[in-house]
Amino acid sequence: METPKTYEPLKAEEKWYAHWMEKGYFHSVPDDREAYTIVIPPPNVTGVLHMGHMLNNTIQDVLIRRARMLGKNACWVPGTDHASIATEAKVVQKLRQEGIKKSDLTRDEFLKHAFEWKDKHGGIILEQLKKLGASCDWERTSFTMDPGYSESVLDVFVDLYKKGRIYRGVRMVNWDPEALTAVSDEEVLHKEVNSKLFYVRYKIAGSDDQWLTIATTRPETILGDSAICINPNDKRFTHLHGKQAIVPISNRIIPIIQDDYVDMEFGTGCLKVTPAHDTNDYDLGKKHNLETIDIFNDNGTLNEKGLHYDGLDRFEVRKQIEKELYDKGYLVKTEDHINKIGFSERTNAVIEPKLSLQWFVDMKELAQPALENVMNGNIKFHPDKLKNTYKHWMDNVKDWCISRQLWWGHQIPAWYFGAGSEDYVVAKTADEAIQLATVKAGRTISISELKQDEDVLDTWFSSWLWPISVFDGLTNPGNEEIKYYYPTNDLVTAPEIMFFWVARMIIAGYEYMGDIPFKNVYYTGIVRDKLGRKMSKSLGNSPDPIELIEKYGADGVRMGVLISSPAGNDLPFDSSQCEQGRNFTNKIWNAYRLVSAWDVREIEQPKSSIKAIEWFDAKFNQELAIINDLFDKFRISEALMAIYKLVWDDFCSWYLEMIKPGYEQPIDSKTIESTKDFFEQILKVIQPFTPFIAEEIWHLIRERKEGDDIIIAEWPKIKAVNQAVLDSFTKGEEVIINIRNVRKQNNIANKVKMDLFIKKNNEIDSSFDSVIVKMGNLSLLEYTETAISNANSFIVNSNEYYIPFGDSIDIEAEKAKLKEELDYTKGFLNSVQKKLQNEKFMAGAPDQVVVMERKKEAEALSKIAVLEEKITSLN
RNA sequence: GGGGGAUUAGCUCAGUUGGUUCAGAGCGCCUGCCUUACAAGCAGGAUGUCGGCGGUUCGAAUCCGUCAUUCCCCA
């Protein structure tokens, strides 16, 4: 049976993933080993895999696979998030297509539809992760609305309420008029848009024809105005102090107030104050005891306070009111204006600041340990610089609005028994609520009187418990698993959710476990397309990961997303990177083909092979130390690059070429065994990155006993590095490259053997001569006392190398080449000597540096001597 | 408006406490090769005022100031 010329990934991937699953290698149970734990950032339950997931999960898999090889008890917990707004929006949309309106359904009916949807689409993304090779412990798959999980969410709500950390209050919230729910500050995206600034004049009350002019971007909110505000220092408006103004159209009389909040430079210096519809105005309103006039319905249309605009959409009103203001002589002018507007992350609707009764978490004190323990390094961020962003947010942390006017999620465990604002209790179950309510009301409250809060909790109010609740740490505190796996080790996520999720997990960790939730946070970047645009479904610029896997193989795609993706930097993705990854797997495949095809005999081991083995052994260990260090620093893509070069350049281009027997020649058994040992070491090191091909070749290269799989093999241990061998090789390498250059410049085919004469002027290391002969395809390597005429020549370490080549040598060209090198060396010498003659340098520089400069000087001088002599000899 | 980054080769990025030829890597590009593992390959090669200007220093990609450009977060 012939081994195919190119690696065919798909079959191997299916085979080995099934094998790993069957062997239970991904499953972890607590034991004596050190635990290494990662909890997956749970994707939306109904989501599909996109490039961001690919990047994120590949990194996690690399970390977990390496930890497994390091002998740790590796546990990667997968799962999904119920994603209340996103999922509910999808279900509503699907029902609408079927002609069903959400408003026609009861809560229970709607939830039935939602669970059907979840059962149908939920977990698709987890199946896709398997194709990528993700070695998650699938027996531990969690969902934020699992019964046990839900229980812990409610426990935490009740607990925080009892501790006084949760309160209910009327606040300005970000209202999504499309989803009809409040959203958190973090779910609002601010974008710059071109809009208009409207200059509108208000008549001063009691005057005949005195006016003031305000500037606003939202003329429709005029109907909700409660005051005009001016800066008390503004000299232009001292005549307005204590006066009142008349609101256009509605003709209400409102006070003119003074506050230095007003920016005298912006607009006209007169600000209209609409406490119900602007966060800053709300604060002003509270400060000055202004009336709050809410003119909007929940869906963004105006209500009866909007007078004749009752029922019309806010944007339609903006158009119509412009005309009315103009017709009635109130509109002074309009100007083009760029301002930032908040959009809902989920529905893209323009967010309306709205006053409403919501539940909040008081964050100030909770945030303290979470801030401290990141700043003091108990939790490390990679890259470290993101600590600054974190600190800024935590220093200015605001209360967290946790109620959402949705049905899909954890229903808030608050129970109302009357119409008063305090007629409610917070309890996990209805039974408990009855008891509490009875006490609070001072009379017997029956179940029929009790009404549970209609709203659900923000999704992040459940996912902030993720590292704890996946191990039942709240419902079954102190259990064996939570003790063993918590705190987890590394978290891999996007900086976008640093506040939504990371910060809050740290808060919950301290509040409920008294400890950090993880030791390291690795922040990935945003995956962008070639034009630098964020990959998104709406732009349609995101490739389908599964198609990529089918085209390039999972290993190729894994490499493709990691190869240029340092922590915290965006990943400008192009499928050519997957091509590079696929080429790499193919390279390894062909190295295997080469090694497997040789005829092995009990013959003498060539000297060059002995040297090659010595060298690669040293080289491998040198690189392994570097790779381990890069892993420890979470420089994953650099570790990959180091491995890439180790395999491609050192192993394939140098080592295999050095030991490769001639065409149809056999290889000695010692060399082949050493080579297979090296190959195994290399497979181990690539296993975290390209697990499938590693496993495939692991089983092809040598007979394996049942259960001898690379996924659980031991990560190579570092042996002492023979630096002398590495140094000798470097010199030999330089000679070989020079020989290749001579061939190239003179068009001498590789198969033509050449002679090499060496005139020794300086110390010379001849230990790799046998390798030079082989790699240079030399018929002769000889040391000589005299220069050789009529030869190509080069200089390494002041020793002269000659390759005679009859008449075809171009003496002038050779001279020019030597002259050029001479000039460069003289210039170099000059700069070195300048330094050495500089008294300040000699006084200020450390000895080591001076010694180095002297050595450089000596080398340059000796090289110049050789070059000059050669040039003379050519004349 | 406030805060935080970033700026090094055509692209994506390394570059530790300022000091080895420190100006680097991968990709791309150029040249020559279908040399029996691999053309998804081999061998060789070129490319930079380290964003600008100023400063500190014997010495600056590295430290300081300033300007420019740009990204992110917050208001």
Side-chain angles (χ1 to χ4, degrees), chain A residues 3-7 185-186 188-190 263 265-266 279-280 340 342 383 385-393 395-396 398 495-496 498-499 525-526 528 530 532 552-553 556 563-566 568-574 576-577 579-598 630 633 635 637-638 640-642 644-645 648-649 652-653 656-657 660 662-664 736-745 747 749-752 777 824-825 828 831-832 834-853 855-856 859-860:
Chain A
T3 315
K5 211 169 156 180
T6 50
Y7 172 55
D185 290 345
E186 289 72 28
V188 179
L189 302 175
H190 294 271
D263 179 356
E265 305 296 317
F266 184 80
T279 314
N280 296 316
K340 285 208 171 169
K385 64 188 176 190
L386 287 172
K387 265 160 74 170
N388 295 329
T389 313
Y390 180 81
K391 180 173 190 303
H392 188 250
W393 191 79
D395 279 341
N396 299 291
K398 300 211 180 66
E496 299 163 303
M498 185 194 286
F499 309 125
I526 296 166
R528 297 181 180 278
K530 266 196 281 193
Y552 299 107
I563 199 101
S564 67
S565 179
N569 276 42
D570 286 357
L571 166 64
F573 181 80
D574 186 76
S576 67
Q577 287 157 233
E579 207 172 309
Q580 191 184 353
R582 178 205 57 185
N583 292 355
F584 180 67
T585 56
N586 193 50
K587 184 72 184 175
I588 298 167
W589 179 252
N590 277 289
Y592 157 69
R593 279 214 304 148
L594 176 69
V595 170
S596 68
W598 289 325
L630 290 169
K633 291 176 177 153
R635 304 178 74 144
S637 65
E638 284 178 68
L640 172 60
M641 185 51 70
Y644 179 87
K645 286 194 281 187
W648 202 303
D649 299 342
C652 293
S653 295
L656 288 179
E657 291 298 331
K660 186 160 125 182
Y663 180 52
E664 291 194 331
I736 293 164
I737 287 169
N738 272 293
I739 294 170
R740 284 176 180 162
N741 268 324
V742 168
R743 282 191 190 276
K744 170 112 178 165
Q745 279 158 17
N747 257 326
N750 289 324
K751 51 189 162 195
V752 176
N777 196 19
Y824 173 83
T825 312
F828 176 67
S831 77
V832 172
K834 242 190 192 159
K835 251 191 234 175
L836 289 168
Q837 283 155 14
N838 184 334
E839 278 169 32
K840 283 181 179 171
F841 171 77
M842 296 304 282
D847 291 347
Q848 219 186 338
V849 176
V850 176
V851 169
M852 199 57 73
E853 291 299 314
K855 196 176 156 204
K856 275 152 69 175
E859 279 169 7

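In what follows, chains carry the letters A, B, and so on, assigned in the order in which the sequence lines appear, proteins first and then strands, with residues in each chain numbered from 1.
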Remember a base hit wins even if backbone is also touched, and classify [X] as base, sugar-phosphate or nothing at under 4.0 Å, heavy atoms.
X: A/K385; result: sugar-phosphate
X: A/W598; result: nothing
X: A/E859; result: nothing
X: A/S637; result: nothing
X: A/N741; result: sugar-phosphate

In whole Å, what separates the [atom1] atom of [N] from that of [M]?
N: B/G26; M: B/U17; atom1: C1'; value: 28 Å
N: B/A9; M: B/G3; atom1: P; value: 30 Å
N: B/A40; M: B/U36; atom1: P; value: 16 Å
N: B/C13; M: B/U7; atom1: P; value: 10 Å
N: B/U8; M: B/G15; atom1: P; value: 14 Å
N: B/A43; M: B/U20; atom1: C1'; value: 29 Å
N: B/G18; M: B/U57; atom1: C1'; value: 9 Å
N: B/C63; M: B/C50; atom1: C1'; value: 16 Å

When the distance from [atom1] of [X] to [atom2] of [N] is rounded to whole Å, what number comes out?
X: A/R740; N: B/G45; atom1: CZ; atom2: C1'; answer: 14 Å
X: A/W393; N: B/C74; atom1: CH2; atom2: C1'; answer: 11 Å
X: A/K5; N: B/C42; atom1: NZ; atom2: P; answer: 13 Å
X: A/K660; N: B/U36; atom1: NZ; atom2: P; answer: 9 Å
X: A/R593; N: B/A40; atom1: CZ; atom2: P; answer: 13 Å
X: A/Y663; N: B/A37; atom1: OH; atom2: C1'; answer: 13 Å
X: A/E657; N: B/C42; atom1: CD; atom2: P; answer: 9 Å
X: A/N590; N: B/A39; atom1: CG; atom2: C1'; answer: 11 Å

Identify the two heavy atoms, one from [X] and one from [Y], that lie closest to each other, and give their separation to 0.1 Å.
X: A/R593; Y: A/P4; answer: CD-O, 3.3 Å
X: A/L656; Y: A/A591; answer: CD1-CB, 3.8 Å
X: A/W589; Y: A/K5; answer: CD1-O, 4.0 Å
X: A/F841; Y: A/V850; answer: CE2-CG2, 4.2 Å

First of A/T389 and A/K398 reached from the 5' end of RNA chain B, by closest nucleotide: A/T389
If you assign each of A/I737 and A/F584 to its closest nucleotide in RNA chain B, which residue comes earlier from the 5' end? A/F584
I'd like to know whether A/R740 forms a side chain to side chain contact (heavy atoms under 4.5 Å, CB included) with A/I736, so could you lay out the CA-CA distance, the side-chain angles of the two residues, the decisive distance to 0.1 Å, and finally the verdict. CA-CA 6 Å; A/R740 284 176 180 162; A/I736 293 164; 3.9 Å; yes
With a 3.5 Å limit on both atom pairs, tell me what [N] is paired to, counting Watson-Crick and G-U wobble, or say none.
N: B/C42; result: B/G32
N: B/U66; result: B/G52
N: B/G24; result: B/C13
N: B/G19; result: B/C58

Spell out, as yes or no, whether a donor-acceptor pair under 3.5 Å connects the side chain of A/N586 to the backbone of A/R582. no
Are any of A/N750's side-chain N or O atoms less than 4.0 Å away from OP1 or OP2 of B/C42? no
Say you draw a straight line from [atom1] of [X] to [atom2] of [Y]; how long is it, rounded to the nearest 0.5 Å?
X: A/L630; Y: A/E638; atom1: CG; atom2: CD; result: 5.5 Å
X: A/M842; Y: A/E853; atom1: CE; atom2: CD; result: 9.5 Å
X: A/N590; Y: A/N583; atom1: CG; atom2: CG; result: 11.0 Å

May I ask you to test the A/P495-A/L386 pair for a side-chain heavy-atom distance under 4.5 Å? yes
Would you say A/N396 and A/H392 make side-chain contact, with heavy atoms under 4.5 Å? yes
Sugar-phosphate atoms are those with a prime plus P, OP1 and OP2; base atoms are the rest. Using that split, label each nucleotide of nucleotides 7-20 of chain B B, S or - for protein heavy atoms under 4.0 Å, 5' to 3'. -----SSSS---BB
Could you encode protein contacts along nucleotides 22-31 of chain B as a string, one character per nucleotide from 5' to 3', using B for base contact, S for sugar-phosphate-only contact and - for no contact, with a heavy-atom cut-off of under 4.0 Å? ---SSS---B
Which of B/C38, B/A37, B/G5 is nearest the side chain of A/N388? It is B/G5
Who pairs with A/Y644 by side-chain hydrogen bond (donor to acceptor under 3.5 Å, both in side chains), at least two apart in sequence or on another chain? A/Q580
